[in-house]
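Data block below; observations after.
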Number of protein chains: 2
Amino acid sequence: MTLPRQHSERHAEKLVRREKIESKNFKNIIRDMGMKVTDQRLLILEALTAGRAHVTAQEVFEVVVEKDASIGFATVYRFLRKLTESGFVNEVRMGGLAARYEMSSQVHHDHLTCTHCGKICEFENHDIEKLQESVAKQFGYQLTGHVLELYGLCRDCQKKST
Amino acid sequence: MTLPRQHSERHAEKLVRREKIESKNFKNIIRDMGMKVTDQRLLILEALTAGRAHVTAQEVFEVVVEKDASIGFATVYRFLRKLTESGFVNEVRMGGLAARYEMSSQVHHDHLTCTHCGKICEFENHDIEKLQESVAKQFGYQLTGHVLELYGLCRDCQKKST
DNA sequence: ATTGATATTGATAATTATTCTCAATTAGTA
DNA sequence: TACTAATTGAGAATAATTATCAATATCAAT
Ligand SMILES: [Mn+2]
Ligand SMILES: [Mn+2]
Ligand SMILES: [Zn+2]
Ligand SMILES: [Zn+2]
């Protein structure tokens with residue numbers, strides 16, 4: 001079973017990762033994961049930090065293949081999985097659709113998605129996070145992660161649909 | 001894009017559905033959806049209400065195929081989709097795994113899942129729901145649904161893993 | 001720099017969950 | 001009962017992701 005976003009994790013670790021990502025010290029990110037530095041991996045990290053957030057594996061591939069026409073699909077999937085496992089990237093899933101990825105450089109947040117046009121807003125609500133902890137505690141669970149996705153119609157799509 | 005659980009929907013409608021499900025008036029449920037009553041559909045509804053909640057399409061199929069060895073896989077998927085669209089059933093997704101289904105007879109709730117053994121607890125937290133509404137409003141969205149899945153280690157699995 | 005053990009890669013096959021297609025069958029109604 | 005449109009089951013198709021494996025590249029030790 002895939003673990004979503006780690007929650008109870010030490011804050012310090014997060015900060016170190018964030019710094020590495022923001023300084024674009026990609027080589028060290030890769031070495032941190034105990035992996036070898038390759039051009040493919042550097043390109044994937046570049047694509048993830050440069051382009052917009054919430055991209056699919058397919059989209060990452062399309063960006064990377066421009067720079068290295070011979071890169072394989074499997075390499076992208078493989079590395080995205082590793083990045084997710086190490087917490088440098090987080091995986092966002094909505095409905096049964098393809099997973100989307102974003103660098104974890106930013107602070108934790110959840111998503112509010114327009115069901116009509118797909119526009120995504122990021123938000124962070126401390127009260128909700130707190131309440132989640134308390135729910136888990138009530139049931140004797142040790143909370144390790146959560147998925148909170150809100151769905152609705154954005155302002156533009158509300159207008160159009162009337 | 002698949003809509004999750006409808007939220008803003010009229011309460012009365014929900015109550016009517018709930019009554020039909022609880023009275024096991026399966027034929028009327030099917031007619032309500034503007035569909036023809038077939039043995040297959042009745043069996044699927046039976047399986048959904050009788051067995052435990054949070055079953056996969058596969059699991060529904062396995063139950064139903066006992067009573068009607070000739071039923072097709074597609075029939076189960078097809079009808080589950082219709083039931084979901086009509087709101088009689090709701091679809092729960094965790095990670096990239098197969099969708100799970102449960103009758104919507106019960107009141108709205110979210111899920112707390114053990115990442116180790118898969119045990120699912122249902123909970124309902126009015127404060128969280130309220131906060132979700134307010135987040136959506138802040139962004140100008142009209143909230144239509146949400147997915148809230150908490151992940152953690154249940155008491156038993158905490159013991160085992162030490 | 002050269003070497004060599006080991007990790008990584010890309011092509012492609014395999015898997016998994018789900019949907020689609022279509023000819024045969026059936027339900028609801030006149 | 002007879003008609004028509006909806007439904008069915010088998011299997012093909014699709015889509016996302018993972019596994020396999022021989023060829024290649026990395027990096028630590030020389
Ligand atoms: Mn985001
Ligand atoms: Mn439930
Ligand atoms: Zn929109
Ligand atoms: Zn457990």
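Values in this document were obtained by computation on a predicted structure and should not be read as measured data. Per chain, numbering begins at 1; letters A, B, ... match sequence-line order.
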(message) Suppose we call a contact any N or O donor and acceptor under 3.5 Å apart; does that hold for the side chain of K36(A) and the base of dT6(C)?
(response) yes
Under 4.0 Å between a side-chain N/O of [X] and OP1 or OP2 of [N], yes or no?
X: R41(A); N: dT9(C); result: yes
X: T38(A); N: dT26(D); result: no
X: R81(A); N: dT18(D); result: yes

(request) Please work out which of the three classes, parallel, tilted or perpendicular, describes the rings of Y77(A) and F73(A), given edges at 30° and 60°. (result) tilted
(request) Might you work through the side-chain hydrogen bond (donor to acceptor under 3.5 Å, both in side chains) test for D68(B) and Q40(B), ending with a clear yes or no? (result) CA-CA 8 Å; D68(B) 173 1; Q40(B) 292 92 329; 4.7 Å; no
Mind checking if [X] touches a base, just sugar-phosphate, or nothing, with heavy atoms under 4.0 Å?
X: T56(B); answer: nothing
X: R93(A); answer: sugar-phosphate
X: Q40(B); answer: sugar-phosphate
X: R78(B); answer: base

(request) Starting at atom CZ of F61(A), determine the distance to atom C1' of dA11(C), rounded to an integer number of angstrom. (result) 11 Å
(message) Are F88(A) and V64(A) linked, directly or through intermediate hydrophobic residues, by side-chain heavy-atom contacts shorter than 4.5 Å (ILVMFWY only)?
(response) yes
(request) Could you please spell out the steps behind the side-chain hydrogen bond (donor to acceptor under 3.5 Å, both in side chains) verdict for T84(A) and R81(A)? (result) CA-CA 5 Å; T84(A) 302; R81(A) 182 145 43 98; over 6 Å; no
(message) Can you work out whether M35(B) or Y77(B) has the more 5'-proximal nearest nucleotide on DNA chain C?
(response)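 Residue closer to the 5' terminus by nearest nucleotide: Y77(B).
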